Amino acid sequence: MDATEAESSYFNNYPPPKALNKHKALARAFIDLQVEKHRRVVLVTSGGTTVPLETQTVRFIDNFSAGTRGAASAEQFLENGYAVIFLHRQFSLLPYSRHYSHSTNCFLDFMDEDASSAIVVRSEYQTAMRDVLRKYRLAKQNNLLLVLPFTTVTEYMFELRALAHLMKPLGANALFYLAAAVSDFFIPRDRMAEHKIQSSEIPAHPNIRSNSNPLEDGDDVYTGYNEDQPSNKSKKLVIDLDPVPKFLHRLVDGWAPEGSMIVSFKLETDPNLLVYKARTSLQRYAHHLVIGNLLSTRKWEVVFVTPDPPHERWIRVPKTRRSKSISGEENLIGLAEGQHQDGQERGGQEGRQEGDGDEGDEQGRGLEIESLIIPELVQLHTQRIEHVEVDSS
Ligand code: PMT
């Protein structure tokens, strides 16, 4: 099966998301406006994707992504004059509101009641919140931000394909920034259970009233509390997942506008694999940039892997400006750079670091790495646009 056949076979097998037509209409109007204003437009994908186990979904498989990378990057693109289509996993973090929506940053903690019982922002947060609010308003008032949600991996695919097609009139002014953590595995529709998967055997005629004891009929769930062993009527759940078709080559070679720039991400947990996997992805899909990151250091360092020299370029938050991260492991910074197949030790924790340490906000919060990534990327996009213009003249 060639790539186009694989595409038809996948998309013909699933109903499009209910909101797709509405999203397309919104995106068309948004893109038309940006074309008229000669603006660059970036499609930022963000957050995880769910993999439903049942058609009438009660259970699904999910992943860790909170959407911080995508939401923080969207803010930086807006700062750099881009219009942003923010295609995100529903309920993951959103640009601007993310500063007050996370469970560790609950918006109620920023508020107070004044003497007249009016709700006010607490004085110590006024400056930071005003800044965020102004930027958010500016983006909305100038029609620079379009926020579109998806939930499942299939919805993501439909949305990505439709948006890429709609972006055609933008040509080289279009940038794809694929930060979403898209599931690699799913259950194909023809193998998916319609109803909630049961945890125990169901009698042949469950709706016939009988005097039998429901527990003996197997309507039991093993809790491990009173029983040493699960009932022999409890079921194991073995999930058989297929690989999700990789449509990155279709994006590069069909869906995306001619001359546009495509940036994908590569996430690994093993420092030995990161650069290798990023390079492999770049070679396989022949796009323009892979941004590699390790799960444990992703807030402080990334690597740009490009087809042109220098091929590999590390971007790091200076040591004094690193934000705290519960899940992060600072001692692993630099390890993926030092782990090349050629055995040469490079970089390391004290290797070259981007930024002079003066960036960041005046509230003394850590410097977000996206504020280093996006300006670099904007330069690469500018070079690409110039290159495309020279080629077509
Ligand atoms: O959200 P955070 O908690 O801030 O975390 C950010 C992040 C770690 C999720 C992000 O920085 C990141 O690395 N995202 C990509 C994760 C990944 O490894 O993706 P992948 O190797 O499965 O896919 C490679 C690329 O193709 C990715 O850009 C992905 O968005 C894209 N892809 C993948 C599969 C698919 N079917 N369609 C895609 O578009």
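All ligand and atom numbering here is 1-based and tracks the order in the structure. For reference, positions follow the sequence shown, starting with 1. Note that this is a predicted model, so its numbers are computed, not measured.
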_Pair T382-R40, side-chain donor/acceptor within less than 3.5 Å_ = yes

Numbering the atoms of ligand 1 from 1, which are under 4.0 Å from a heavy atom of [X]?
| X | result |
| --- | --- |
| P245 | 36 (N) |
| T68 | 1 (O), 2 (P), 4 (O) |
| K266 | 18 (O), 20 (P), 21 (O) |
| F64 | 3 (O), 5 (O), 8 (C), 9 (C) |
| S264 | 25 (C), 28 (O) |

_ring-ring contact (aromatic ring centres under 6.0 Å, His included) partners of residues 29-77, not counting sequence neighbours, each pair once_ = F77-Y82, F77-Y177

*Does N105 reach the main-chain N or O of H99 with its side chain, forming a donor-acceptor pair under 3.5 Å?*
yes

*Distance-only, no hydrogens or angles: does the T280 side chain make a donor-acceptor pair with backbone N or O of Y276 under 3.5 Å?*
yes

*Less than 4.0 Å between a side-chain N and a carboxylate O, is that true for E368 and R98?*
yes

*State whether E75 and K135 are salt-bridged, where the test is any N-O pair (Lys NZ or Arg NE/NH1/NH2 against Asp/Glu carboxylate O) under 4.0 Å.*
no

Under 4.0 Å from ligand 1, counting heavy atoms only, is it the side chain of [X], its backbone, both or neither?
| X | value |
| --- | --- |
| M157 | side chain |
| N293 | side chain |
| D184 | side chain |

*Do R69 and F265 meet the cation-pi criteria used here (NZ or CZ under 6.0 Å from the six-membered ring centre, within 45° of the axis)?*
no

*asked:* Is there a polar contact, in the sense of an N or O pair closer than 3.5 Å, between F265 and ligand 1?
replied: yes

_Identity of the nearest option to atom 3 (O) of ligand 1, non-hydrogen atoms only, from E268, R69, R298, K246_ = R298

